[in-house]
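Beneath this line is the structure, given in structure tokens, with notes to follow.
Model, not experiment: these values are computed from the prediction.
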Amino acid sequence: MDPETVLSNLRGHAVVRNGIANLSNLSFRVAGAAAAVSGPYNLLNEEIDLHGTLATTGRLSDAPSGFKSVLQKVI
């Protein structure tokens, strides 16, 4: 397992009803980043609509791999 993509300190609350997991106060860390999000996750078709904040250390452009590099490719 790549240590740069392993989640740690995963916390939050989930209520599952009719195949939808409503996530609230969900927070987690990966190497160089921490996120706090809320929103629904459809367990049946895997659609996700999370909103929140992402805090990173360093500059996004300095990331050669891991979570920040994924964000850099999207941006």
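Leu50 is not connected to Leu44 by any chain of hydrophobic side-chain contacts under 4.5 Å among Ile, Leu, Val, Met, Phe, Trp and Tyr, and they are in different clusters.
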Only pairs under 3.5 Å count here: list side-chain donor-acceptor contacts from residues 17-24, not counting sequence neighbours, and write none if there are none.
none

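Within the 4.5 Å cutoff, side-chain heavy atoms of His13 are placed close to those of Val15.
Pairing each heavy atom of Ala33 with each of Leu54, the nearest pair is CB-CD1, 3.9 Å.
For His51, the side chain to side chain donor-acceptor pair (under 3.5 Å) partners are Asp49, not counting sequence neighbours.
Within the structure, the side chain to side chain donor-acceptor pair (under 3.5 Å) test picks out the following pairs touching residues 32-42 (sequence neighbours left out): Asn42-Asn45.
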